[in-house]
Amino acid sequence: MSAPAEGCVQDAAQTSAVAYALHGDIAVATVNNPPVNALSLAVRSGLLAAIGRSLADPQVRALVIVGGGSTFVAGADINDFGKPYDEPTLYTIIDTLMASPKPVIAAIHGTAFGGGLELALACQWRIASPDAQIGQPEVKLGLMPGGGGTQWWPRMAGPAVALEVTTSGNPVAALQAHEWGVIDRIAEGTLLEDALAMAQDVVGGALPARDLTESTDRIRDIDPALFDDFRKKNARKWKGQLAPWKIVDCVEAACRLSFDEGFRLEKDAFSECERSYQSRSLIHLFFAERAAGKLPDVTAAPAPVATVGVVGAGTMGAGIAMSFANAGLRVTLLDSSDEALARGLKTITGNYATSVSRGSMPQARADAALACISATTNDAALADADLIVEAVFEDLAIKQSVFRRLDAVAKPGAILATNTSTLDVDAIAGVTSRPQSVLGLHFFSPANVMRLLEVVRGPRTGAATLATAMAVARKLRKIAVVSGNAYGFIGNRILAAYGREADFLLEEGATPWQIDRVLTEFGFPMGLFAMRDMAGLDVIWRIRQQENTTRPAHLRYSPIADRICEMGRFGQKTSRGYYLYDGRTPIPDPEIESLIVGVSAELGIARRDIPDAEILQRLLCAMANEGARLLDEGVALRAGDIDLVYVNGYGFPATRGGPMWWAREAGLASIRDAVAAYHRQHGDYWTPSPLLARAAAAGGDWDAAPSRGCAPAHTLPHPPTTTGSAQDA
Ligand code: NAI
C-alpha cells in the first residue's frame, strides 16, 4: 500500500509518519506508523501538514488519505487516553477536514477503528477494500466515540444501527458498512488506484458534492421510544458502566440537534468517560491482559501442539475437550468406563446443540468441532498426544495413579497437565519420570466458555513446558495467568480469604442476603453465598473436614457452613443451602437466620447492625491483603495478573479493575491503615502483608514495590483453607 503508484511525484520533504505525493492533480497522504498506524502526535502533525499542502497547492484538486503497510489508521494510541493531548489534536484535524473546500477521500484497508474511523468519517468520501473492517470499539475501554462518531453514524446509517455499533464496540465488515451507507464504494482492484479513480469522479462531478452534516434523511422524525427501549433492553448489561449510557444520549441528541451542537455534547461526554474510574479500570485490564502472557525468565520456544488427550469425561473434562476442539485441535477423551464416556459425550453434543439453537455457533462449526473429538477407555490411544490434560476426581492418590499411567504411555516430550483446584502439582509431577513436563492447567467452569486459565508452575516445571502451555492458551483464546504452586493458586486462595471474612461478618450481625446484596450492588453478578449454593456446599465441606484435623486451634473458625451442611442443605442441588430455592431463584430463609443468630450467641458474639460500607470494605480489603501476600510470596507475578483472575474467573466487576486495582484507586495507604485496624480488632488472619506496607510507602503503586516474582525454584506453601470455599474443588 505504501509503494507509490506509477507516474506519481513524491515529495522529498515528507514527514516520516505521513508521506505526501502527487498523482497528477490528486494528492495522496500515506500514513506510515507501524504496526497499526495509530494516531500518534507525529501522525496527527503529518496529516495536518499534508492537508495544508494539498489546500495550498492550486494544482491539487482532491486529497486521498491512505494507510501504509497492512492497515488504515487502526485507532488512537491507548496510552494517550486520560492525558493532556498535544496539538494538533484529532479535533483540529477533523475541523480542518470538514472545512476543506477540496474533497478528501479516505481509502481504507485493514482496520479503521475509533479515532481512525472518525478520521475517515470526517472525509467527504470513503472507499474500502472488501475485506476491511471498521468500528467504534471505545466502549470496551469504558470510553465512547469522541471524534464525531455518535453524530456521523446516525446520519449515515440511521440511529438503530448507530446505537448497535457504538454501544457494542464490535467490528463491522466493510461490505456491511457499504450497505448501510457508511462506506461509499468498495474497491474492486488496487485500493489506491480505485481511490484515485474515485477522486477523479468527485472532481469531474460524476459524484456530486455533498455535505452529510446537513443531511437529515435518516434522523428525521425518530420516535424517542427507540432510545428508551434500547436503554431498558440493556440496563442490566450496562450496570455500573458510564459510557454506553452517554453514547445513547449522544446518538439521541444527533437526531434532535445540529451536527455542531451534537458534536459539542459528544466532546463533553467523551471527556467525562475519559476521567471515569470505569475507563481507568478497563484500560488497566487491557494492559494487564497483554502483560500476563509475558514471562520474564522464560525464553524457550513453544513446542507445536496438534493432538491432545483429556482424561476424565466429567463436568470439566467435557468442557476442556470442547475448548481444544473449538480451536481445531484433535482431542482424545479418556475415561475409565464406557458409561462415563457416554455421559461426557452426551454433555458435549448437548452443549453444541444448544449453541447452534441459540445462534451463537453455526452448525458447520459445531460439526467440525465434534469431528475433532474421539473417545476411548484405552490409555494407549493417548500415545500420540502432544499434551494430556487430566480432569479426574480431586484426590491426590487417584491423580498420582493416573499420572503414573500417563507417564508410561505418553510420548517423550509430551506435556502432562493437571486440572486440580487444590492439590500440590509437584506431588503429582513427582510420580512421573518427567516432572519438567508437568504443570497445572486450571480451567474454570464451564471450561468451554470461561476465558480464564490459571497456568500452575510447579518447582520442577520446565521453561519449554511453560512456554508451550502459554502458546496453547493463546490458541484457545484464553487469558492465561501464571501462578506458583501454592494452595488454591491465585483465585481460590483469595476466595478463601474473603469467604472467611464473610463468614465472620455473619457471626457479627450480617445475613447472607445482606452480604450478597452489597456484593451485587458493587457489581458482582452474584453474591458469595448464592455462588456457594450454586457450586454445591458438600464438596468443600468434605475438604474442610480433612483440613480441620490440622487447623491450628488458636485460629478463629466459623462453624456456620458446617452446620448448614449437617442439615443436609447442599445448595441449589438440594433446593436449600444458605437460601431456599424456587427453581434457581434464591429466597432468604428465616431458618438460616436463626441458625446464624444461634451461632453468634454460642460464641458469645454480640450481634450488631453492620453498615453495608463496612461489609464491602472488609471483604475487598481481605482480597487485597491476600493478593499482596500472593505477590510477596511469589505465587503471582504481577498485581495485574491477580486482577485478571478475579475479573475473568470470579465475577469481580471489570469496571472496578480487580481487587488490586480497586485498592490502588482507593489509596494503598488507606488500605494499609484499614488492614492494620482490622488486624488489631480481629486478629491473625488480618496480619498485614509486608508488600502492602512497602507499596503504600513507595508511592501507592504495587509496581513501585517489586514483589519476588513467580518463584519456580522451590515448593510454595500449601496452607489449609479453614472456612474458605474453593470455588470449584
Ligand atoms: P467429575 O466428577 O464431574 O468428573 C470426573 C471424571 O473423571 C468422571 O467422569 C470419572 O469417571 C473420571 N475418572 C475418575 N477417575 C478416573 C480414572 N482413574 N481414569 C479415568 N477417568 C477417571 O469432576 P469435575 O468436576 O469434572 O472435576 C475434575 C477435576 O477438575 C477435579 O480435579 C476438580 O477439582 C477440577 N476442577 C473442577 C471445577 C468445577 O467447577 N467442577 C473447576 C476447576 C477444576
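Just so it is clear, the model here is predicted, and its values are computed rather than measured. Just so you know, ligand 1 is whichever comes first in the structure, and atom 1 is the first atom listed for that ligand.
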Evaluate the criterion side chain to side chain contact (heavy atoms under 4.5 Å, CB included) for residue pair Ile415 and Asp386; output intermediate values, then yes/no.
CA-CA 6 Å; Ile415 293 178; Asp386 302 310; over 6 Å; no
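- Of all the heavy atoms of Lys399, the ones lying under 4.0 Å from any atom of ligand 1 belong exclusively to the side chain.
- Here His284 and Phe286 keep their ring centres 6.0 angstrom or further from each other.
- Considering backbone and side-chain N/O atoms, His442 never comes within less than 3.5 Å of an N/O atom of ligand 1.
- Results of the side-chain contact (heavy atoms from CB on, under 4.5 Å) test with Val308 over Leu329, Ile373, Ile320 single out Leu329 as the only residue that passes.
- By the 6.0 Å contact criterion, CZ on Arg330 is open, its count of non-hydrogen atoms from other residues, nucleotides or ligands being 12 or less.
- Each of the following atoms of ligand 1 lies closer than 4.0 Å to a heavy atom of Ala340: 11 (O).
- Near Ser445, with a cut-off below 4.0 Å to any heavy atom, the atoms of ligand 1 are 40 (O).
- Within ligand 1, the atoms closer than 4.0 Å to a non-hydrogen atom of Arg405 are 18 (N), 19 (N), numbered from 1 in the order shown.
- Within a 6.0 Å sphere centred on NZ of Lys411, other residues, nucleotides and ligands contribute more than 12 heavy atoms.
- Residue Phe443 has no nitrogen or oxygen atom sitting less than 3.5 Å from a nitrogen or oxygen atom of ligand 1, judged on distance alone.
- The contact set between ligand 1 and Ala313, taken as ligand atoms under 4.0 Å from a residue heavy atom, comprises 9 (O).
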Does the side chain to side chain contact (heavy atoms under 4.5 Å, CB included) test come out yes or no for Tyr352 and Asn326, once each step is laid out?
CA-CA 10 Å; Tyr352 280 124; Asn326 291 346; 2.6 Å; yes
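- Taking any N or O of Arg343, backbone or side chain, none lies under 3.5 Å from an N or O belonging to ligand 1.
- Among the atoms of Glu390, none of the N or O lies under 3.5 angstrom from an N or O of ligand 1.
- Two rings, from Tyr578 and Trp513, have their centers 6.0 Å or more apart.
- Within the set Val392, Val402, Thr420, the minimum heavy-atom distance to atom 31 (C) of ligand 1 is found for Val392.
- Ligand 1 does not have Phe444 within reach: every non-hydrogen atom of the residue lies 4.0 Å or more from it.
- You'll find the ring centres of Tyr650 and Phe524 outside the 6.0 Å limit.
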